[in-house]
There are 2 protein chains.
Amino acid sequence: MGRGRVTLADVALAAGVSSTTASLVLSGRGDELRISDTVQHRVREVSESLGYRPNILSVGLRRGSSLALGFVSDTVATSQLAGDLIKGALEAAHERGLMLFIAESEGDPKVERRLLNALLDRQVDGVVLASMFTQTRRLPSGLDHGPAVLLNALPREPHPTIPSVVPDELEAGRAAARLLLEAGHRSIHLVGAGPRREDTPPGTVAGRERLQGILEVLADAGLEPTSGYLHEDWLPQHGWAATQRILAADGAGSAIITFNDRLAFGAYQALHEAGLRVPQDMSLVSFDDAPVAEWLRPGLTTFAIPHYDLGHRAVELLLETIAARRDGGPAPAGVHRLPMPLRARESVAPPRS
Amino acid sequence: MGRGRVTLADVALAAGVSSTTASLVLSGRGDELRISDTVQHRVREVSESLGYRPNILSVGLRRGSSLALGFVSDTVATSQLAGDLIKGALEAAHERGLMLFIAESEGDPKVERRLLNALLDRQVDGVVLASMFTQTRRLPSGLDHGPAVLLNALPREPHPTIPSVVPDELEAGRAAARLLLEAGHRSIHLVGAGPRREDTPPGTVAGRERLQGILEVLADAGLEPTSGYLHEDWLPQHGWAATQRILAADGAGSAIITFNDRLAFGAYQALHEAGLRVPQDMSLVSFDDAPVAEWLRPGLTTFAIPHYDLGHRAVELLLETIAARRDGGPAPAGVHRLPMPLRARESVAPPRS
DNA sequence: GACGGTTGCTAAATCGTCTTAGCACCTGCA
DNA sequence: TGCAGGTGCTAAGACGATTTAGCAACCGTC
């Protein structure tokens with residue numbers, strides 16, 4: 001692909017100038033180096049008419065940068081949820097004329113290492129390391145050599161030059177609890193984690209922080225969760241089972257916070273099967289804003305993971321990091337938390353009285 | 001990223017040989033060109049200990065190939081369904097040591113053109129052109145220059161060197177109808193397209209071919225669909241509305257084929273709300289195998305779009321096309337249809353009486 | 001009429017790898 | 001002694017762009 005392309009030399013020849021001149025004109029340095037307007041015009045015309053496009057491999061070899069970024073995820077590209085993560089990254093890159101290599105490590109550090117090497121061999125200008133679930137992770141060795149950003153992941157130890165971008169789960173947890181309190185609920189069940197602060201699925205930041213935010217707000221109101229169901233996976237069947245247990249218990253309460261929308265889906269099923277109605281008999285609030293949240297009847301009120309923004313922001317930060325290295329300016333290190341916007345639908349109402 | 005890397009010249013210097021020798025040894029042509037075992041061994045040792053890795057930009061510049069492929073989709077990367085499409089492509093590429101540039105055109109031919117150019121500028125060895133929905137499309141100009149494959153798309157006119165990979169929708173349509181006939185159903189509703197052959201949403205191949213397969217098998221059994229509901233979009237709300245109309249009509253029939261799983265989701269909702277049970281009161285068969293198919297209770301029987309296989313196959317075909325160009329062998333043109341496997345769950349049973 | 005300053009352009013090196021052509025040395029044979 | 005034929009390695013030139021250093025021509029000045 002691309003052999004037989006028009007090269008700078010072809011343009012120069014056709015315009016009757018040296019390739020130096022052609023290069024200067026086309027890179028906009030013509031005035032600076034006093035190339036006459038006549039020649040500049042001619043070069044541009046010829047370039048246009050031949051359809052000249054620079055070979056980026058060559059430019060990259062010369063400049064040591066490939067105008068490409070790497071995006072390595074554990075399994076994000078394949079996930080049902082996180083296509084938008086990639087989309088955001090893609091668009092941020094395209095806005096600046098960069099292309100994105102995408103790769104998946106399946107969570108295997110060896111594969112990750114291999115992929116990072118393959119990317120470095122291709123002289124990528126920087127790397128986004130993404131996770132499917134927000135998690136704390138070790139940084140692979142050798143990442144210090146080049147600009148990098150963590151996406152949906154936090155470094156095990158704070159890193160001086162590698163920023164990370166995550167959803168603000170803590171604040172979303174608070175907001176979810178506040179939403180129910182403000183609707184008048186006093187008896188709130190948790191499905192997915194809780195009731196105690198340490199009852200969170202191992203390895204996920206989302207569970208820990210959402211729970212923390214919820215408990216914090218409840219405590220401020222002098223409350224505790226009526227019950228809590230910890231599940232390692234957050235699948236519909238778990239939401240279904242937990243909701244059945246909630247309904248079987250005395251004083252079933254008036255609201256449930258599910259830790260993601262799949263759990264909520266299961267909760268809806270259990271409520272329907274029990275002949276109960278959302279939100280009249282039970283209010284629900286959830287997290288993620290998966291597509292199913294909109295399909296459910298009534299629509300599920302949930303706090304969205306801002307996938308697109310996360311991806312977009314990660315690449316922006318990466319570009320800032322690259323620019324900072326180049327210009328010696330300050331690099332945007334630290335943790336960047338993006339708000340999880342409320343998607344208010346119809347699953348919350350005041351309790352029955 | 002990558003400045004200050006160990007180069008071939010560094011290795012050669014440290015091993016006390018010319019870079020020609022180092023190159024020959026490391027590319028495995030040492031024996032062929034009679035480099036002594038001593039020297040070969042030394043070069044390899046030095047290369048290893050310095051951690052030498054070839055600069056692929058440079059190799060690419062020299063050889064005119066970048067060991068990278070492009071994957072341009074209309075909007076597939078962001079779709080909820082099709083992450084596996086990318087995953088399959090990714091893995092097929094990684095198996096051969098190639099990396100994948102991913103890009104999204106949003107269905108805009110101008111953007112697509114721009115992205116293709118950006119990929120060609122980077123000397124990609126080939127391009128996968130993917131669609132979210134199986135559709136017939138025009139080929140962008142300039143694609144003839146390099147190896148290319150259509151994924152989930154058919155060329156408007158057959159192309160001598162560009163293969164395409166699509167799900168075998170026609171056969172899946174037949175299989176869906178057969179499944180219901182074999183369960184004993186004689187009154188079958190269609191939701192999404194039909195009842196007549198020309199009642200398909202414009203622009204989608206899936207709708208046309210699924211319907212064609214269904215009608216064919218029904219006709220062979222001397223039947224026609226009891227009713228059909230054409231919708232341009234296939235969202236839950238449409239499935240819900242169509243199902244309500246089915247239930248409102250006399251002689252409601254005993255089975256529904258929904259043209260995708262979101263429609264089926266809506267159908268489940270309408271059936272539940274009417275107090276009817278799947279599969280006792282109504283059997284359902286669908287297409288896609290979206291995650292929700294598994295979450296529904298009872299599980300939805302559906303024919304899966306083989307996303308992973310499609311992606312994997314597309315890249316394999318692309319690599320064959322590339323090899324064919326290189327070696328002058330036969331190129332794998334034409335349309336490749338991959339089977340849509342049945343995911344048999346619990347939504348089909350014999351009719352009531 | 002020699003010199004300095006501008007104007008307008010180019011030669012050549014460089015990035016890192018691959019590849020063609022060929023050099024220097026040795027052995028064996030006539 | 002001379003030459004053919006191997007053996008083991010290297011010089012040098014691509015690939016396609018960028019960039020540094022500098023050359024030729026002209027003008028004006030003293």
Side-chain angles (χ1 to χ4, degrees), chain A residues 1-44 46-47 50-68 120-125 326, chain B residues 1-44 47 50-67 120-123 125:
Chain A
M1 216 144 188
R3 274 295 189 222
R5 274 168 68 108
V6 176
T7 72
L8 186 62
D10 296 331
V11 174
L13 188 66
V17 298
S18 72
S19 52
T20 306
T21 304
S23 172
L24 292 174
V25 171
L26 295 177
S27 62
R29 298 182 57 204
D31 288 334
E32 184 190 337
L33 272 108
R34 302 179 314 236
I35 308 293
S36 66
D37 285 354
T38 330
V39 168
Q40 293 214 30
H41 189 70
R42 185 147 36 95
V43 168
R44 272 192 258 273
V46 168
S47 163
L50 294 183
Y52 168 69
R53 316 203 90 238
N55 178 332
I56 299 214
L57 253 42
S58 175
V59 175
L61 178 58
R62 180 68 230 250
R63 292 211 296 232
S65 104
S66 59
L67 298 180
L120 294 176
D121 293 349
R122 283 167 178 79
Q123 308 285 109
V124 291
D125 297 334
R326 184 167 20 83
Chain B
M1 215 144 190
R3 273 296 187 222
R5 273 168 69 107
V6 176
T7 70
L8 186 62
D10 297 331
V11 173
L13 189 65
V17 298
S18 72
S19 50
T20 305
T21 304
S23 172
L24 292 173
V25 172
L26 295 177
S27 62
R29 299 182 56 206
D31 289 334
E32 183 190 337
L33 271 107
R34 301 179 315 235
I35 308 295
S36 66
D37 285 354
T38 330
V39 169
Q40 293 214 30
H41 188 71
R42 185 147 35 94
V43 168
R44 272 192 260 272
S47 163
L50 293 183
Y52 168 69
R53 316 203 88 239
N55 179 333
I56 300 215
L57 251 44
S58 175
V59 175
L61 178 58
R62 181 67 232 252
R63 292 211 295 232
S65 105
S66 58
L67 297 180
L120 294 176
D121 293 350
R122 283 166 178 81
Q123 307 287 109
D125 297 335

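On a predicted model such as this, the values are computed, not experimentally measured, just so you know. So you know, we letter chains A, B, ... as the sequences are listed, proteins then strands, and number each from 1.
Between B/S18 and D/dT10, a side-chain N or O to OP1/OP2 separation shorter than 4.0 Å is present.
Using modelled atom types, one finds a donor on one side chain and an acceptor on the other under 3.5 Å when comparing A/S18 with A/T21.
Counting only distance, with no hydrogens or angles, the side chain of A/S66 and the backbone of A/Q123 share a donor-acceptor pair below 3.5 Å. Put simply, the side chain of B/S27 gets close to the backbone of B/S23: a donor and an acceptor are under 3.5 Å apart.
Between A/R63 atom CZ and D/dT19 atom P the separation is 7 Å, expressed in whole Å. Regarding B/L57, its CG atom lies at a distance of 13 Å from the P atom of D/dA17, rounded to whole Å. Between the C1' atom of D/dG16 and the CG atom of A/N55 lies a distance of 6 Å, rounded to the nearest Å. Per the geometry, CG belonging to B/L61 stands 13 Å off P belonging to C/dT19, to the nearest Å. Atom pair A/R5:CZ and D/dA17:C1' shows a separation of 12 Å (rounding to whole Å applied).
Here B/R53 pairs with A/D121 under the salt bridge (charged side-chain N to carboxylate O under 4.0 Å, His left out) rule; sequence neighbours left out.
The side-chain heavy atoms of A/R42 and A/V25, taken from C-beta on, include no pair separated by under 4.5 Å.
Non-hydrogen atoms lying under 4.0 Å from DNA chain D are contributed by A/T7, A/L8, all within residues 6-17 of chain A. Listed by residue number, the members of residues 19-42 of chain A with any heavy atom below 4.0 angstrom from DNA chain C are A/T20, A/T21, A/L33, A/R34, A/I35, A/S36, A/V39.
The structure places CZ of B/R29 at 10.5 Å from CD1 of B/I35, a figure rounded to the nearest 0.5 Å. The distance from atom CD of B/Q40 to atom CG of B/L24, rounded to the nearest 0.5 Å, is 9.0 Å. Atoms CG and CG, from A/N55 and B/L120 in turn, are 11.0 Å apart once rounded to the nearest 0.5 Å.
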